[in-house]
Amino acid sequence: MTIVTFQTADEGIAREQALLAAGRPAILLWQAREQALVVPAAWAGRDAVRATEHKLAEAGWPLLARTSGGGAVPQGPCTLNLALVAPLPAGSRIEDGYALICGAVSEALTRFEVATGTGAVPGAFCDGSWNVISGGRKLAGTAQRWRSMAGARTALLHAAILTVPPSATVWPALALLHHAVGLVEAPRSESHMALSQLLPPTMRPTSVAGALLRAAEDRLSRLLTHRQQAA
C-alpha cells in the first residue's frame with residue numbers, strides 16, 4: 001500500500017467515513033493536493049465564520065467542514081493522514097483508541113530515531129492531550145469516531161501528521177478564524193514541528209510511510225487476534 005492522493009481533503013475524509021461505514025478492518029494513508037482549513041461543522045455554520053470564508057479563500061486556505069469536533073486543521077501537501085478502522089475489544093475506553101493511534105505513529109518514528117511523546121501544546125492548532133509531540137512541539141493531532149454494528153464496536157482512528165511546515169500564510173488565516181469563533185489565543189508556528197525538521201535533509205518526509213503502515217498493521221493484527229480468541 002502506498003500513500004493515496006486525493007484532490008481535496010473532503011475526498012479523503014469521505015473515504016475514511018466510507019471505510020468506517022463498511023465496518024471492516026482497514027488502513028488508509030492519504031494526502032490532499034489542495035490546501036485547506038478543515039473545521040468542525042459547528043464552526044462552519046456560524047455567521048462570523050461564514051463572513052471570513054472569502055478572505056480565507058483569497059489567502060489560499062478555503063474552509064472545509066467535517067462532522068467531528070475539535071478545532072481547525074491545515075490539510076494539503078503539508079499533512080499526511082493515517083486512518084485505521086479497527087474492532088474494539090469489550091471494555092475499551094476512548095483513551096485506548098488514542099493510545100493505539102499515537103502508539104503507531106510513535107513506533108514508526110522510532111525507526112528513524114525520532115523520539116516522541118503525547119500531550120497538549122500551548123499555541124498548537126486543534127490542541128489536545130493526545131497530540132503526538134517531539135521536542136515539546138506538536139507533530140501530529142489525533143481524533144477518533146466509534147460506531148456499533150451487529151453488537152460489535154468499530155473505531156475510526158485518525159492521525160494528521162505535519163510532513164513539512166505549512167505555508168506561512170496559514171498563521172494569519174488561523175488567527176482570523178479563531179477570532180471569528182471567539183477564541184483568544186491563535187495558533188503559533190513555534191508550537192509545531194514537521195517531519196522535515198526531524199529527519200535527515202536527504203530523506204523525504206513521506207519516507208516514513210512504510211513504517212507507519214507496518215506499525216498500524218501490527219496493531220490491527222493484534223486486535224483481530226484478540227477478537228478471534230474472544231469469539
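A donor-acceptor pair is defined here as one N or O able to donate and one able to accept, closer than 3.5 Å; no such pair exists between the side chain of D218 and the backbone of A215. The main-chain N or O of M203 is never found under 3.5 Å from a side-chain atom of S207 such that the two would form a donor-acceptor pair. S191 places a side-chain N or O within 3.5 Å of a backbone atom of P122 that can act as its donor or acceptor partner. At least one donor-acceptor pair under 3.5 Å links the side chain of Q31 to the backbone N or O of P77. Although no hydrogens or angles enter the test, the distance criterion places a donor-acceptor pair under 3.5 Å between the side chain of S106 and the main chain of C102. Using a distance-only test at 3.5 Å, with no hydrogens or angles considered, no donor-acceptor pair links the side chain of Q144 to the main chain of A155.
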Side-chain donor/acceptor pairs under 3.5 Å, residues 174-186, sequence neighbours excluded:
from	atom 1	to	atom 2	distance (Å)
H178	ND1	E185	O	3.4
E185	OE2	R188	NH1	2.5

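The distance from atom OG1 of T52 to atom CG of L63, rounded to the nearest 0.5 Å, is 5.5 Å. Put simply, CG on D96 and CG on L157 are 10.5 Å apart, with the number rounded to the nearest 0.5 Å. Going from atom CZ of R15 over to atom CG of D10 covers 13.5 Å, rounded to the nearest 0.5 Å.
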Evaluate T8 against R33 for side-chain hydrogen bond (donor to acceptor under 3.5 Å, both in side chains), listing each step before the verdict.
CA-CA 6 Å; T8 68; R33 292 189 181 92; over 6 Å; no

What do the steps show when you test R219 against E107 for salt bridge (charged side-chain N to carboxylate O under 4.0 Å, His left out), and what is the final call?
CA-CA 11 Å; R219 281 158 176 75; E107 179 189 318; 2.6 Å; yes

Using side-chain hydrogen bond (donor to acceptor under 3.5 Å, both in side chains), reason through W146 and T154 one step at a time and then give a plain yes or no.
CA-CA 6 Å; W146 294 22; T154 300; over 6 Å; no

Please evaluate residues I13 and N81 with respect to the criterion side chain to side chain contact (heavy atoms under 4.5 Å, CB included), reporting the C-alpha separation (whole Å), side-chain torsions for both, the decisive distance (0.1 Å), and the verdict.
CA-CA 10 Å; I13 293 168; N81 298 278; over 6 Å; no

Determine, stepwise, if the pair T116 / S134 fulfils side-chain hydrogen bond (donor to acceptor under 3.5 Å, both in side chains).
CA-CA 5 Å; T116 61; S134 183; over 6 Å; no

Start with the C-alpha gap between E11 and W30, add the side-chain angles, then the distance that decides, and say whether side-chain hydrogen bond (donor to acceptor under 3.5 Å, both in side chains) holds.
CA-CA 10 Å; E11 297 171 22; W30 65 272; over 6 Å; no

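Classification of the Y98-W130 ring pair by plane angle, with boundaries at 30° and 60°, yields parallel.
Tracing side-chain contacts under 4.5 Å through hydrophobic residues (I, L, V, M, F, W, Y), one never reaches M193 starting from I133; they form parts of separate clusters.
Contact of the V170 side chain with the L37 side chain is registered, since non-hydrogen atoms from C-beta on lie closer than 4.5 Å. In this structure, P166 and W171 have side chains that are in contact, with non-hydrogen atoms separated by less than 4.5 Å. Side chains of L82 and I27 form a contact here, defined as non-hydrogen atoms less than 4.5 Å apart.
The closest side-chain donor-acceptor pair between R204 and T163, if any, does not fall under 3.5 angstrom. Checking Q7 against E34 by side-chain atom types alone, a donor-acceptor pair falls below 3.5 Å.
Listed here is the closest heavy atom pair of L84 and A216: CD1-O, 4.2 Å.
Other residues, nucleotides and ligands contribute over 12 non-hydrogen atoms within 6.0 Å of the CD atom of E58. Within 6.0 Å of CZ on R147 lie more than 12 heavy atoms contributed by other residues, nucleotides or ligands.
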